[in-house]
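Let me begin by presenting the structure, written as structure tokens, before commenting on it.
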Amino acid sequence: MLLMLYTFFENIQIIKEVMKEKFLYKKIGIPKALSYYNNYPFYYGFFNSLGLEVVLSDKTTTKTINDGTKYVVSDTCLPIKVYVGHVINLLDKGCEVIFIPSLQSTDYKINNCSKIRGLPEIIRNVINRPFTMIEPTLDKTEGVGLNDFCIETARLLGVKDRKVIKKAVDKGWEIYNSFMKMTQSGVDYSEALENAIKGKFARKTVDIVKPLSVAIMAHGYNLYDERISLNLIKKLEKMDVKVYASVSKEKSLEALKQLGEVQYWANELELTGTAAYYLLNKKVDGIIALSAFGCGPDSLMVDEISYHCKEHGMPLIHLTIDEHTGEAGFITRIEAFIDMLLRRKRNLIVKKSDSVKSFKANVIDIKKEKVLTGSAK
Amino acid sequence: MKNNKMGNKFAAKERIIAWPRMGRIDIPLKALVLALGAKVVIPPANSNEALEIGVRNSIEGICLPYKLNLANYIMALEKGANTLMMFQAPGSCRLGNYTKMAQKTLNQMGYNFDMVIFDMYKSKMLQTLQAFWHVTHCINPWCYYRGFSLGFNKLFAIDTAEKLLFYTRPRELNKGEAEKCYNKWLEIVDNTNSIRGAKRLKKQIIADFKTIPIDKNKKVPKVYLIGEFFVLLDPYTNQNIEKELGEMGVEVQRQIMFSDWLEHVLKPSLFYHKESHRERSVRYAKEYMKRAIGGECIETIGDTVYAAKHGIDGIIHISPFSCMPEIVAQNILPKVSKNENIPVLSLVLDEQTGKAGYITRIEAFIDLIKRRQMDYLN
Ligand code: SF4
Ligand code: SF4
């Protein structure tokens, strides 16, 4: 009897501890890399609504890259190295619960790149430090949708109440949607992010007309990470070039369809869709493709787009980056491309005005003829 | 069939079918397609020439298997093929994208052809049958029965021969005998045309290999060969690693065998009770990987753990350059190797892989294994 009582109390103790532990997760770390760049507004709204404080890793620096590089084999692409570096950064900061999702597929048979699918697997096996990994899976091919993804995340954090989860998901969408609306109307990425999180809405400042405009096809995690992209957007703006970089999913799919292509990779839509959209609406003078050296899917997609660019007479440059890419060489290549675009545009304008002149000349000639014939009568 | 993926340029009677080279799949597949009444062209084995054709006609960043597959297509088209078959493996990696690219490239090169896609993602017997029907328009069930039983039996016979070759080669007393026997049987298997004959093949092969004199007591280190599907099965790309290892006196075991894979893909799961290779891999890889991520990554990890638990002495992991799933595997393997206490050698193959350096690395690795064995015995 006593023994029973004793075990009973012991059990209660254990349960209490478990409960405590569940509420121990007060903070959740999110590495500022990969899916952060596309989904952070959602993650932020979701975790905040669940009552967790979101801890972000610091901006990417050369140290981040070096840290990451130490842990993985050298053939791994730069964004993954950066990701590992950010996880290390979070651990160094003392953050012990880290959100590392596995985004397998975003639609039926629309898969992500293996490295993104296996992100938790990589992290688990290369970092030998104790920490808790929150690793939900999104896999629509297997029927695991976003809702299941959120429920799993919440479960891993100790939240089971469906209503609470539902509210958190809604909050996530709300912030995400306002963020998307802002970026698509042309608001700067970081400004949109800041406003969305604060619950504000920024309008696009007056659309300044610039002599040149280009579209950039790149993964968000490459383009918006200022260290990885070597600040490409700012550099272009300094050269007085207008930059377009994001298109909504519907428009992307529509444009791809018009080109006769289908989406194959989940995370490549942001590349192919943007490129296809601006290629077709002729708003830009050129396309810049930015990708990590050795990226499997990117090399295929850039090839696909450059095929269509050739058909449409749209200039395209493919810039690849890795941890050794030097700033100087990078700038030279961009400048050369922009120069080429300028010359091309000038030539086109000159040609156009030429044709206008000759057209007028024709008109005059005809009139003269008419006059002549008229007088002959 | 409302599958718009299938080309329809050629009538079934005019079709001359070809497919890319993957190990010895040509033998059973040929038997099957011939039984359905179509004509086939087998592209020549992969070689430097094929690789050059492939490299010339594809972009740089693409993986080696694509380049060779494309070369196979081109060579087959040159030999008169007009219908190309393509297999999309269950791993569903870049392969899925290849079909479209290959189609585009070949169109640009001015070839006239149909492409038929066999999507083997999740076992779908019916779809496979439909695809075969599409290329051959054969409606005679007897032909299907005959084709499939010929094909399957040949496949199993070849796999058996291969396994026996792996076992016999390092132990044979007269060098080269096992290989000769293997090649002889490949030819016989290829020329067998009756179901009864095909069903007997396996037994005959086993009996024949038994007649080769071997040193039964020889201490032979055992090595698992794992990695990406295509490079494992193509002796040109992997520089005939199986033979090299056999001649170094090492018993090779390859876990990815064609028949396992095909059996798993084609047989409706209802009749399939044996644990498939993939299921086994998932089970063994659990501690390191919780989900499959495309390609053969989980097989690679699962097999390594399995090997360590079943007295295998070492692992050689081969993959093509820039192969995404295998890069993930390369990142995971060091930990597996340490925790499970099994040596692992990762080899990355690309167009420029020099044979000399490659062999040196393998030799050094085998030395290491042998030394470990000695230490263990002492
Ligand atoms: S898509 Fe490319 S850059 Fe992104 S993780 Fe995969 S290989 Fe790396
Ligand atoms: S598994 Fe590797 S080699 Fe095969 S398609 Fe994928 S990346 Fe290419």
Side-chain angles (χ1 to χ4, degrees), chain A residues 71-77 80-81 84 102-105 108-128 133 135-139 141-142 144 260-265 268 291-304 306-308 318 320, chain B residues 4-5 58-63 66 88 91-101 104-105 107-108 119 121-122 228 285-298 300-301 317 319-339 346 348 350:
Chain A
Y71 286 87
V72 293
V73 295
S74 63
D75 279 349
T76 317
C77 61
I80 299 290
K81 289 176 181 164
V84 176
S102 159
L103 307 176
Q104 297 258 28
S105 56
Y108 185 65
K109 281 199 186 182
I110 305 284
N111 288 327
N112 253 321
C113 145
S114 299
K115 293 175 208 165
I116 293 177
R117 297 170 66 175
L119 211 48
E121 322 302 332
I122 298 180
I123 301 296
R124 185 187 355 262
N125 292 292
V126 298
I127 298 180
N128 272 327
M133 198 153 77
E135 41 164 335
T137 315
L138 176 74
D139 194 352
T141 309
E142 300 288 339
V144 182
E261 300 288 355
V262 285
Q263 184 191 7
Y264 181 78
W265 300 94
E268 294 294 322
S291 62
F293 177 76
C295 168
D298 277 15
S299 59
L300 306 188
M301 292 301 111
V302 173
D303 181 66
E304 186 179 296
S306 73
Y307 168 81
H308 289 289
H318 186 188
T320 51
Chain B
N4 51 9
K5 267 196 260 172
S58 46
I59 54 169
E60 201 192 320
I62 215 161
C63 28
Y66 171 79
Q88 292 184 358
S92 92
C93 177
R94 274 197 265 184
L95 268 172
N97 220 310
Y98 286 171
T99 330
K100 250 177 35 191
M101 286 199 72
K104 222 191 275 173
T105 312
N107 276 330
Q108 274 173 26
D119 191 346
Y121 185 75
K122 290 186 176 177
E228 195 267 342
K286 221 178 216 150
E287 207 180 308
Y288 304 93
M289 289 183 77
K290 296 201 173 138
R291 39 181 92 73
I293 58 151
E296 281 82 38
C297 184
I298 200 155
T300 298
I301 304 302
H317 170 229
S319 60
F321 176 68
S322 92
C323 174
M324 305 179 302
E326 299 305 322
I327 286 180
V328 177
Q330 279 178 44
N331 276 318
I332 301 176
L333 278 175
K335 183 165 167 193
V336 184
S337 167
K338 201 173 132 222
N339 283 8
S346 269
V348 177
D350 70 358

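Proteins come first, then strands; the chains are lettered A, B, ... in the order of their sequence lines, and each starts at number 1. Side-chain atoms are counted along with the backbone in the values below, which use heavy atoms only and exclude waters and symmetry mates. These figures come from a predicted structure and were not determined experimentally.
- Evaluation of the salt bridge (Lys or Arg N to Asp or Glu O under 4.0 Å) rule for A:Glu268 yields no partner, not counting sequence neighbours.
- B:Ile62 contributes atom CD1, which lies 7.5 Å from atom CG of A:Asp303 (distance to the nearest 0.5 angstrom).
- Heavy atoms of B:Met101 lying under 4.5 Å from chain A belong exclusively to its side chain.
- The structure places CG of A:Asn111 at 11.0 Å from CD1 of B:Ile293, a figure rounded to the nearest 0.5 Å.
- Within the 4.5 angstrom heavy-atom criterion, only backbone atoms of B:Glu287 (N, CA, C, O) approach chain A.
- Within 6.0 Å of NZ on B:Lys286 lie no more than 12 heavy atoms contributed by other residues, nucleotides or ligands.
- Of the atoms belonging to A:Glu261, it is side-chain heavy atoms, and not backbone ones, that fall under 4.5 Å from chain B.
- Looking only at side-chain heavy atoms (C-beta outward), A:Ser102 and B:Arg291 come within less than 4.5 Å of each other.
- For chain B, no part of A:Val302 is nearby; none of its heavy atoms comes within less than 4.5 Å.
- Chain A is approached within less than 4.5 Å, heavy atom to heavy atom, by B:Ile332, B:Lys335 from residues 332-339 of chain B, ordered by number.
- B:Asn331 pairs with exactly one of A:Val126, A:Asp75, A:Ile123 by the side chain to side chain contact (heavy atoms under 4.5 Å, CB included) rule, that one being A:Val126.
- Annotation: the span from B:Thr99 atom OG1 to A:Tyr264 atom OH amounts to 7.5 Å, rounded to 0.5 Å.
- Contact annotation: the side chain of B:Pro325 never approaches that of A:Arg117 to less than 4.5 Å [non-hydrogen atoms, C-beta and beyond].
- Listed here is the closest heavy atom pair of A:Glu121 and B:Tyr288: OE1-O, 3.5 Å.
- Under the 3.5 Å distance criterion, the side-chain polar atoms of A:Arg124 are left unmatched by any main-chain donor or acceptor of B:Met289.
- When heavy atoms are compared at a cutoff of 4.5 Å, B:Tyr66 does not approach chain A at all.
- Residue A:Asp298 does not touch chain B at all, counting heavy-atom pairs closer than 4.5 Å.
- Two residues are said to be in side-chain contact when any heavy atoms from C-beta on lie closer than 4.5 Å; A:Cys77 and B:Met324 fail this criterion.
- Contact count against chain A (heavy-atom pairs under 4.5 Å) is highest for B:Ala292 among B:Ser58, B:Ala329, B:Cys323, B:Ala292.
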